[in-house]
Protein chains: 2
Amino acid sequence: MEIPFATIERLATYLRCLRHLKDEKIKIISSADLATNTKTSPEQVRKDLSYFGRFGKVGTGYYVGKLAKKIEKILKKRKKWNVCIVGAGSLGSALARYGGFKDSGYNVVALFDNNPEKIGTKIGDAEIYDVKLLPEIVHEKKIDILALTVPKHALPGLKELLESSKVKGILNFVPLSLHLKTRRKAAVLDVDLAQKMYILSYLISNKEEQV
Amino acid sequence: MEIPFATIERLATYLRCLRHLKDEKIKIISSADLATNTKTSPEQVRKDLSYFGRFGKVGTGYYVGKLAKKIEKILKKRKKWNVCIVGAGSLGSALARYGGFKDSGYNVVALFDNNPEKIGTKIGDAEIYDVKLLPEIVHEKKIDILALTVPKHALPGLKELLESSKVKGILNFVPLSLHLKTRRKAAVLDVDLAQKMYILSYLISNKEEQV
DNA sequence: TCCTGTGAAGCAATTCACAGCT
DNA sequence: AGCTGTGAATTGCTTCACAGGA
């Protein structure tokens, strides 16, 4: 069966919510309550989950801890993933320090930059390496995911290094679409912060609902 | 006519691409080329634009500069928007320094924090204020959009201040859904960085296409 | 011929509505 | 009675296919 991409996005949101409920010591939740907390509908919650199994208890709801574990398993087969950040500017450093990654099992194990003053220093536990070493350190440290936070103008000079680095996924913060011609294509997710601003101002001007 | 939300998201992406083409001195682009650069289809590009008018020249394509201006007008009625950032931690500071906002006409005019050591200092041109002053400075500086970058645990204590601040839009980086009960509801866009990681690892594990 | 703009068709996602379990 | 799980109905988005202008 073909699973809608929107379902995957929502699963991640459900998981975030379940984590929070767990912290609050809430043990059971209904699809209705999970829906209000994640800005969707109860049917949507049930349908999304039904693609992967039957996790609920009829007449009761879902056990928070159990469901969280199930969704976690669906989204990330392995427990731990290694992440690196290319571009140790302010955004890259902020991501390296961002606690939300580690909490979710994504460990930032290295940063890369071309500035000699930064190379060799550390952010948290992660060292900043010369970006020229990218392919070998990706290999050495078994890095799965790469977050790209270099300035726009630095991207063309980086393409080759990126293409020869065997990461499996790229989280691209550079406001340009990234087209790599690697054989085993990496999954690329673009995150454009200015785009969000445009969307917000459109929503504001058209007095729309929350999204 | 009801315009799909996905269309709005894509328009912002087209705009980003057009800006880039303009920098490269490219004057004309076809829907096919715009599509490859933004990971969509030519029909989709044309359909998206057709919701708002007829901007192309049959047999030729679109004038890059002209189209960029049109899309800009669609997404943001006004030229300049004032933005503030609540939470001057590493992510908040990185956003304040992020050039992409200013380039797009979104000016960060203030930050807010509760740390007395930060209050009074500046990041770029923007001063860091005591978060207690949020409602009045929002009013005073005519702030439209608020980016929320406080740590998770600080959110509950902030709800009241947020509710009494008359911003029109909120870009929420806190990994919790934000529910405000203000009369004139602000538009809220959630940005969850860890969610992106989950999505990436799902895509990787299922060897899917770029998204 | 080349490329846009757009109704119509096709497809995918969401919502409805209810059967069935506890 | 309450709530899940799910086929069926519906809505809405995308793709098709082509008319028409340069």
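Numbers restart at 1 for each chain; the letters A, B, ... are given by sequence-line order, proteins then strands.
- One can place CG of B/Asp48 at 14 Å from C1' of D/dG12, the figure rounded to the nearest angstrom.
- When the salt bridge (charged side-chain N to carboxylate O under 4.0 Å, His left out) test is applied to A/Arg78, the partners found at least two apart in sequence or on another chain are A/Asp144.
- No donor-acceptor contact under 3.5 angstrom links the side chains of B/Ser177 and A/Asn37, judged on distance only.
- Here A/Thr7 lies out of heavy-atom contact (under 4.0 Å) with every strand.
- Comment: B/Glu72 engages B/Arg19 in a salt bridge, judged by a side-chain N to carboxylate O separation of less than 4.0 angstrom.
- A sub-4.0 Å separation between OP1 or OP2 of D/dT15 and a side-chain N or O of B/Gln44 is present.
- Separation of the A/Tyr198 and B/Tyr106 ring centroids falls under the 6.0 Å cut-off.
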Per-nucleotide protein contact string for nucleotides 3-8 of chain C, where B marks a base within reach and S marks sugar-phosphate only (heavy atoms under 4.0 Å, - for neither): BBBBBB
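- Rounding to whole angstrom units, CD1 of residue A/Ile3 and C1' of C/dT14 are separated by 16 Å.
- The residues A/Glu136 and A/Lys141 are annotated as not salt-bridged, no charged nitrogen and carboxylate oxygen being separated by less than 4.0 angstrom.
- For the atom pair CG (A/Leu171) and CD1 (A/Ile145), the distance works out to 8.0 Å, reported to the nearest 0.5 Å.
- Counting to the nearest Å, the C1' atom of D/dA22 and the CD1 atom of B/Ile28 are 12 Å from each other.
- A/Glu2 has its CD atom 15 Å from the C1' atom of D/dT14, to the nearest Å.
- Here the P atom of nucleotide D/dG12 and the CZ atom of B/Phe5 are 16 Å apart, to the nearest Å.
- Between B/Ile8 atom CD1 and D/dC13 atom C1' the separation is 14 Å, expressed in whole Å.
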